[in-house]
Visitor: 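Below is one structure. I have some questions about it.
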Amino acid sequence: MTPRPADAVAIHEAAQLLKQGRLVAFPTETVYGLGADASNAEAVRGIFAAKGRPADHPLIVHLADKSMLPDWAAEVPASAWQLAERFWPGPLAVILRKKVSVPLAVTGGQDTVALRVPNHPVALQLLQAFGGGIAAPSANRYCRISPTQAAHVAEELGDAVAMILDGGPCQVGVESTIIDLSGGQPRLLRPGQLSVAAIEAVLQQTLLLPEAVSEIRAPGMMAVHYAPVTMALLCPAQDLAKLAQTFLDGHQRVGVLAYQQDLPAHPLLVVEHMPDSVAAYAQALYASLRKLDGLQLDRILVEQPPQTEAWRAVNDRLGKAAVAV
Ligand code: TXA
Ligand code: MG
């Protein structure tokens, strides 16, 4: 499937395809999504088939505007309105108790639903043209690296999708922050670009963080996810050169996702240098991992970036893509 430039005609056609129950991949500010009509259980089942995703993994419903929250949530608590007011359109999803009318196919059988208004002109135009909610996971095959460019979607899903709208590379590069507001203390289920502090400031309440919770609620929080096929190791900066040399001495082809270390050139070594700032690093992360993964290497070494709060989302994704050494 060749991606289509997302002009007004293509967006209109994409909305018609969604109404017919077909699948459309589209850009958001975080990653590309694989969309279906969220009110059509049969169409939603097509998403799970195309991704090879287990049916109990819930999807995020994308909306054109926060005013549509009451169409999907049984109750919209004040906290949800506050976050929506401050951060939508933007890279944030909230989990609320679902309305009876929301298909269980969307929520993986749960009585809660994830909702978000994405901040991308193509996504918003598509949502407006379509008029309803679009269920959309990241447009990759199950457990693989999320796509941040239209070409990645074509690689991942081929002809399983009726149209791929090309809106250029995604600006944020890692998936949305997910906050569970379905009961009790608000919980961070998945870190993203928005900082915990910014969210707590709006809620005027502390968030329950994943490290404080043992039970796994979001499949995106499982150990293997967002992973390259090539064996990847997450390695402290000071050990990187030595570890790379060990593999090179063993005649292995090594890819390095480098942050600040410089490695001496070697015929079996490919180094992908990552940007300094967390925003630029996050934006480039999946494309860089995907590039290294496509080179038939024996091993990918990832240089550990800073382990500070600002890097929470990046470190979360690296922890899922690579095994710490
Ligand atoms: O940035 C994003 O959120 C992207 C773009 C396309 O919007 N979408 C995305 O979808 O990352 P997906 O399906 O790859 O990840 C959705 C996450 C999963 O970890 C899922 O478990 C969680 O949202 N989720 C959805 N509904 C939930 C629910 N009712 N309760 C708990 N977690 C839920
Ligand atoms: Mg995903």
Side-chain angles (χ1 to χ4, degrees), residues 23-36 38 44 47-48 50-63 72-74 87-99 102-120 122-124 126-127 133-148 152-153 156-157 165 167 170-183 186-194 210 213 215-227 282-283 286 313 316-317 320-321:
L23 303 182
V24 171
F26 62 97
T28 80
E29 78 280 39
T30 58
V31 301
Y32 274 74
L34 173 61
V44 169
I47 291 178
F48 290 89
K51 279 183 65 99
R53 174 163 164 150
D56 62 350
H57 287 208
L59 307 176
I60 296 175
V61 177
H62 296 67
L63 306 173
W72 298 87
F87 296 118
W88 281 354
L92 172 77
V94 295
I95 311 280
L96 300 175
R97 292 204 307 107
K98 82 173 193 73
K99 270 191 129 158
V102 180
L104 288 167
V106 171
T107 68
Q110 305 209 46
D111 59 3
T112 53
V113 62
L115 299 161
R116 106 171 178 97
V117 178
N119 186 20
H120 191 291
V122 173
L124 289 171
L126 179 65
L127 283 159
I134 301 179
S138 49
N140 51 283
R141 293 195 51 81
Y142 180 57
C143 281
R144 297 299 324 282
I145 302 169
S146 295
T148 53
H152 301 166
V153 181
E156 288 284 322
L157 298 173
L165 285 172
C170 302
Q171 293 306 304
V172 174
V174 292
E175 301 82 352
S176 60
T177 304
I178 305 180
I179 307 290
D180 185 352
L181 299 173
S182 66
R187 295 211 293 175
L188 177 69
L189 292 187
R190 180 174 72 184
Q193 187 197 51
L194 300 179
V213 183
E215 163 211 11
I216 292 172
R217 282 282 306 271
M221 292 169 61
M222 291 187 316
V224 185
H225 205 80
Y226 317 107
Q283 207 253 330
Y286 289 147
D316 171 75
R317 303 313 190 275
K320 277 152 192 159

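We count ligands from 1, going down the list as the structure has it; atoms in each ligand are counted the same way.
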Visitor: Which of the numbered atoms in ligand 1 are below 4.0 angstrom from a heavy atom of Ile178?
Guide: 17 (C), 22 (C), 23 (O)

Visitor: Considering only heavy atoms from C-beta outward, does the side chain of Trp88 approach that of Val94 to under 4.5 Å?
Guide: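 A side-chain contact exists here, since the closest heavy-atom pair is under 4.5 Å.
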
Visitor: Under a heavy-atom criterion of less than 4.0 Å, does Leu59 contact ligand 1?
Guide: yes

Visitor: So is Arg53 polar-close to ligand 1, meaning N/O to N/O under 3.5 Å?
Guide: yes

Visitor: Is there a nitrogen or oxygen of Tyr32 sitting under 3.5 Å from a nitrogen or oxygen of ligand 1?
Guide: no

Visitor: Pick from Val61, Leu63, Thr28: which one makes a side chain to side chain contact (heavy atoms under 4.5 Å, CB included) with Arg116?
Guide: Thr28

Visitor: Test your reading of the model: is there a side-chain donor-acceptor pair from Arg53 to the backbone of Pro58, 3.5 Å cut-off?
Guide: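 Such a contact is found between Arg53 side chain and Pro58 backbone.
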
Visitor: With a cut-off of 2.8 Å, does Ser138 place any N/O/S atom under that distance from the Mg ion (ligand 2)?
Guide: yes

Visitor: Can you measure from NE2 (His120) to NE2 (His62) and round to the nearest 0.5 angstrom?
Guide: 12.0 Å

Visitor: Which atoms of ligand 1 are found less than 4.0 Å from any heavy atom of Thr112?
Guide: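 Counting atoms of ligand 1 from 1, those under 4.0 Å from Thr112 are 28 (C), 29 (N), 30 (N).
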
Visitor: Looking only at heavy atoms, is any part of Ala136 under 4.0 Å from ligand 1, and if so is it the side chain, the backbone, or both, or is it neither?
Guide: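 Within the 4.0 Å criterion, Ala136 contacts ligand 1 through backbone atoms alone.
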
Visitor: According to side chain to side chain contact (heavy atoms under 4.5 Å, CB included), who are the partners of Pro186, at least two apart in sequence or on a separate chain?
Guide: Ile179, Leu181, Leu203, Gln205, Leu207

Visitor: Out of curiosity, Trp72 CH2 to Lys99 NZ, how far, rounded to the nearest 0.5 Å?
Guide: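 Here the interatomic distance stands at 10.0 Å.
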
Visitor: So how far is it from Ile60 CD1 to Ile178 CD1, rounded to the nearest 0.5 Å?
Guide: 4.5 Å

Visitor: For Leu189, counting its heavy atoms only, list the atoms of ligand 1 lying under 4.0 Å from any of them.
Guide: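 Heavy-atom distances to Leu189 below 4.0 Å select 31 (C), 32 (N).
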
Visitor: Under 4.0 Å from any heavy atom of Gly33, which atoms of ligand 1 are there?
Guide: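 Listed by number with element: 6 (C).
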
Visitor: So, Glu175 and Ser146: side-chain donor and acceptor under 3.5 Å apart, yes or no?
Guide: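 Ser146 and Glu175 do have a side-chain donor-acceptor pair below 3.5 Å.
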
Visitor: With atoms numbered from 1 as shown, which atoms in ligand 1 lie under 4.0 angstrom from a non-hydrogen atom of Ser138?
Guide: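 Answer for ligand 1: 8 (N), 9 (C), 10 (O), 12 (P), 14 (O).
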
Visitor: If you count the atoms of ligand 1 from 1 in the order shown, which ones are under 4.0 Å from a heavy atom of Thr30?
Guide: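 Numbered from 1, ligand 1 contributes 1 (O), 2 (C), 4 (C), 5 (C).
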
Visitor: Which of the numbered atoms in ligand 1 are below 4.0 angstrom from a heavy atom of His62?
Guide: 5 (C), 6 (C), 7 (O)

Visitor: With backbone taken as N, CA, C and O and side chain as the heavy atoms from C-beta onward, which portion of Arg116 lies under 4.0 Å from ligand 1: side chain, backbone, both, or neither?
Guide: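 For Arg116, only side-chain atoms sit under 4.0 Å from ligand 1.
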
Visitor: Please tell me whether Tyr286 and His152 form a close aromatic pair, meaning their ring centres lie under 6.0 Å apart.
Guide: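 Ring centres of His152 and Tyr286 not closer than 6.0 Å.
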
Visitor: Is the closest side-chain heavy-atom distance between Val117 and Leu124 below 4.5 Å?
Guide: yes

Visitor: At less than 4.0 angstrom from any non-hydrogen atom of Ser176, what atoms of ligand 1 do you find?
Guide: 1 (O), 2 (C), 3 (O)

Visitor: Under 4.0 angstrom from ligand 1, any heavy atom of Arg190?
Guide: yes

